[in-house]
Structure formats: structure tokens, C-alpha cells
Amino acid sequence: MPLRRRAATVLAAATALTALTAPAALAAAPPAGLYGSGDPTYDGVWRQSYALLALHTAGVVPAASATGWLTGQQCADGGFPSYRADTATPCAPKAEDTNATGIAVQALAALGGQDAAVGKATAWLKKVQNADGGWSYNPGGPSDPDSTAVVLGAFAATGTAPQDVRTAGGKSPYDALRGFQSGCAAKTADRGAFTYPMNGKKAVNAKATADAVRASQGAGFVVRPAGSDVAADAPACTGAATVADPYAALAPKASGLAGAAWLAAQLTAGGGHLTALTPGADKPTPDYGTTADAVVALAAGGQRSAATSAYTWLAANSATWAHGNPAALAQLILAAGATGADPRSAGGANLVQQLTNLGPAPASAKPSPSPTATQEQHQKSTSGSSLGTWLIVGVIFVASIGFGILLSSRKRRQG
């Protein structure tokens, strides 16, 4: 399963373990203005943008240093890398990527007052668009659905209709996304799902499906609750070889609904969440991050009941996974916002306050509610077990560190 988002989760777990077991003098101070204390090498721009987006939707005005940290990462040509340790040194073009740039655009557009940075970034994204209408992680590679979805959301956030972002040959991002969707030629259980290209083959992938479903609805990472519950539906396949595949002719929103039907079925089969086989495991375990992505994707398409059901599971079960991880907490906050839930009381936890605590003090914020007796009891009952939990996480991290680094970027999966 994809990307820097997985690596960020593993690295955050290691950071939390270090904070609990190492002397304070050995802990490296995070760059000023950055959310989280983990190594930002692979996910600095990603997690900062995610955090700023989530806090903005929750009514928190971030500190100027937080926004300044993000804008300071931008390269002279408009693109963003995963992280620039020395912003005085010009960027290496190969270090820039569409994912960091796409999510940075969404964050800066939401915050406002950053028109120059946003304009340069979107111009860079348009310049590196592939001939099929999509984007790769790094410019020059083949398009993939996740990168295409992040960039599509960036244009949507700036008020540009994604279907208008076309190549010289007339291809739009939706044309690229449609090429990854499984149609009537696929197994019945895979129809509607989106695939991810790997080693020359396309494999059905829940993460790719969630991203593509959201993007097919013209949405970025911020989605507001749907007013009604729209049924997710997929076209019928006749089985006749002479009949054209109806999936190939789907309009973007209909394509997204077909993908949403597949996602909803996977959530039901998983007991309200998605699963993944992690390194060293004998059986699938809950995939919290992709479940959060699925919540936002389903909400974007109007599948409010399915989205709410999955978010309810997340609110009750994701506390350990999100602990101390800015990107994970941001995902949960945005999932809450997509379903109309209150991220300040998610399963007895205040996600907004947790994320706020991981960065510079905000310029202003909505007041956090006083903890209820139930919350206080929960905090007391869990405080004693937190060290043991994170020691276990640390053991897992050590066992899978090599694999985590391999998953640190989509670029490496495509190579």
C-alpha cells in the first residue's frame, strides 16, 4: 500500500517511542513552525499541509510561523519537495513532487492570502501534467491515480474546474483516472475499484480507489457533509464480448459512484473499516488511514450513511494509531468534518486540541470544551498503559523499518 503517508505513520510511531524512552537532551528539536517532532525528510510538507487544512476547517487560525514554514518550502519554480532542510539552497528539480505541491496548494488556498505562492504552484503542476491528463509522483514518470487525485483537488481548491485542466491533446485528469478503473473485464468483485500501477501491472487498491472516488467528484481533502444520502451504483455488465464496456463511457461523477459502491462493500466486509496486510503479519489488520480517506471519498459522492458508519468506527478505534501523528490526526479531523461529526469529541478525544498541541500556538481558535467526567476517567485509565502501547509500536517499527523506508514515497514504488 502506497506512499509517504504510510511512512509518516511509522516514523511518527518511532518518534513517540523515542520521546518516551530517550533522555530529553537527545531529542532533536523540530524546525520552528512545523507540526510534529518526527523526522520531516519524507513528509514535512505533506503533514504540515494536512495539519493546516484540518485546523482551518475546525476554526483554528494557525500561527504565522506555521504558514511561513510551509511557504518557505516552495521552490523558485513553484513546486514543492517533500522537505527542504536548507531553504537557502536552490531546489533540485528531481526533488520536487506533485503530491507535496498538490496538498500545499490546497492548504494555502484554504488559508487565503497566499495567491502568489498558489499561482506559482498551480503553474508548475500544469507544466508537469502528463499527456494522458494525469500526474506521476515525480515529473516524468507514468501517471498514477493517487498523484492525479491530489493534483486534481489542488485545482478544485483554487476554483479551477478539473475538466478544464487539459493537455495540448485535449486530455483531462478525469481521462487519466478512468484508465485506472476496473470494468466489466475484471472479476465481478473488483468491478468499480481503481487500480494502482506497480511493476508494469495494475492491481486493485483501496487507497487508489478512495483517492480516485473523491477526485471524480471534483473534491480535494476538505469535504462538507452531504445534504442527502445518494446511492452508490455501478453499471451492469452483460457478459457479451461484442458489447462495449459501460465503464469506459462513464462521466466522472458516475465513475466515482461506481468506485464508491466498491468501497462501501469493502467497508461492510471489514466490519466498518478497511483492512491491509502489514509486514510480518499473518492476517489483515485495520487500515485506519485508508478508512479515513474512504470516509471523505464517500461523503464527497453523497454516500452519507456509509461514510458516517465508517467514521463512527474510526472515532472509537483509532486513538492509538493517531497518537502524536499530525497527518493522522488531520485525516480524522477531516473525516469528522465530512460527516458532520464534532472532532472535539471523537470517541471521548479532542482531536483538534491534540493536533494543536503538536505545533506552534495558534493565532486564535475556538475554545475547547471542558473534559467531561467520562473523558477524565478515560484519560486516567489509559495513561498508565500508554508507555506499554508505544513500546510495542517501537518493536514493530524496528522489525519493519526497512520496509517502512521502502514505502516512504510513491516514487520508489514506481521505479
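Values below: every heavy atom of this structure, side chains too, minus hydrogens, waters and symmetry copies.
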Shortest non-hydrogen contact from [X] toward [Y]:
{"X": "Ala297", "Y": "Ala210", "answer": "CB-O, 3.2 Å"}
{"X": "Val165", "Y": "Gln129", "answer": "O-NE2, 3.1 Å"}
{"X": "Ser216", "Y": "Phe194", "answer": "OG-CZ, 4.4 Å"}
{"X": "Ala310", "Y": "Val295", "answer": "CB-CG2, 3.6 Å"}
{"X": "Trp262", "Y": "Gly192", "answer": "CB-C, 4.3 Å"}
{"X": "Leu298", "Y": "Ala306", "answer": "CD1-CB, 3.9 Å"}

Exam field: side chain [X] to backbone [Y], donor-acceptor pair closer than 3.5 Å:
{"X": "Gln73", "Y": "Arg84", "answer": "yes"}
{"X": "Thr101", "Y": "Phe80", "answer": "yes"}
{"X": "Arg178", "Y": "Leu250", "answer": "yes"}
{"X": "Thr148", "Y": "Trp135", "answer": "yes"}
{"X": "Arg47", "Y": "Tyr35", "answer": "yes"}
{"X": "Ser49", "Y": "Val45", "answer": "yes"}
{"X": "Asn325", "Y": "Ala322", "answer": "no"}
{"X": "Gln74", "Y": "Ala117", "answer": "yes"}
{"X": "Thr57", "Y": "Ala54", "answer": "yes"}
{"X": "Thr275", "Y": "Thr285", "answer": "no"}

Measure the [atom1]-[atom2] distance between [X] and [Y] for me, rounded to the nearest 0.5 Å.
{"X": "Ser136", "Y": "Asp97", "atom1": "OG", "atom2": "CG", "result": "9.5 Å"}
{"X": "Arg344", "Y": "Gln354", "atom1": "CZ", "atom2": "CD", "result": "12.5 Å"}
{"X": "Ser228", "Y": "Arg304", "atom1": "OG", "atom2": "CZ", "result": "9.0 Å"}
{"X": "Thr167", "Y": "Asp175", "atom1": "OG1", "atom2": "CG", "result": "8.0 Å"}
{"X": "Arg166", "Y": "Ser172", "atom1": "CZ", "atom2": "OG", "result": "4.5 Å"}
{"X": "Asp144", "Y": "Asn130", "atom1": "CG", "atom2": "CG", "result": "9.5 Å"}

Given side chains that start at C-beta, do those of [X] and [Y] come closer than 4.5 Å, heavy atoms only?
{"X": "Leu53", "Y": "Gln106", "result": "yes"}
{"X": "His56", "Y": "Val222", "result": "no"}
{"X": "Leu257", "Y": "Asp233", "result": "no"}
{"X": "Tyr83", "Y": "Pro40", "result": "yes"}
{"X": "Leu177", "Y": "Leu152", "result": "yes"}
{"X": "Lys207", "Y": "Tyr196", "result": "no"}
{"X": "Gln48", "Y": "Leu52", "result": "yes"}
{"X": "Leu70", "Y": "Leu34", "result": "no"}

| Full working for side chain to side chain contact (heavy atoms under 4.5 Å, CB included) between Leu111 and Thr67 | CA-CA 9 Å; Leu111 293 173; Thr67 304; 3.7 Å; yes

| request: Go through the steps for Trp313 and Tyr288 under the test ring-ring contact (aromatic ring centres under 6.0 Å, His included), then give the verdict. | output: CA-CA 10 Å; Trp313 183 89; Tyr288 303 97; 5.5 Å; yes

| Working for side chain to side chain donor-acceptor pair (under 3.5 Å), residues Gln303 and Asp229 | CA-CA 5 Å; Gln303 289 74 60; Asp229 209 354; over 6 Å; no

| said: Does the structure place the NZ or CZ of Lys202 under 6.0 Å from the centre of the six-membered ring of Phe180, at an angle of no more than 45° from the ring's axis? | reply: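 Verdict for Phe180: a cation-pi partner in Lys202.
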
| task | Kindly determine whether Leu267 and Leu274 satisfy side chain to side chain contact (heavy atoms under 4.5 Å, CB included), including the steps that lead there. | result | CA-CA 5 Å; Leu267 287 166; Leu274 298 172; 3.8 Å; yes

| How about Asp190 and Ser182: does a side-chain donor come under 3.5 Å of a side-chain acceptor? |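 Side chains of Asp190 and Ser182: no pair found under 3.5 Å.
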
| request: Would you please say whether a donor-acceptor pair under 3.5 Å links the side chains of Asn138 and Glu96? | output: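 Their side chains do not contain a donor-acceptor pair, so the 3.5 Å distance test is not met.
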
| said: Run Ser318 and Leu332 through side chain to side chain contact (heavy atoms under 4.5 Å, CB included) and show every step you take. | reply: CA-CA 9 Å; Ser318 60; Leu332 293 177; 3.4 Å; yes

| Centroid-centroid distance, Phe221 to Tyr50, less than 6.0 Å |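 Yes; Tyr50 has its ring centre under 6.0 Å from that of Phe221.
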
| field | Test log, rule side chain to side chain donor-acceptor pair (under 3.5 Å), inputs Asn357 and Gln353 | value | CA-CA 6 Å; Asn357 291 344; Gln353 189 61 56; 2.8 Å; yes

| Which is it for Leu329 and Leu358 under the side chain to side chain contact (heavy atoms under 4.5 Å, CB included) test, yes or no, and what are the steps along the way? | CA-CA 10 Å; Leu329 288 167; Leu358 296 178; 3.7 Å; yes

| message | Are more than 12 heavy atoms, taken from residues, nucleotides or ligands other than Asp282, located less than 6.0 Å from that residue's CG atom? | response |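 For Asp282, atom CG is not crowded (no more than 12 foreign heavy atoms under 6.0 Å).
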
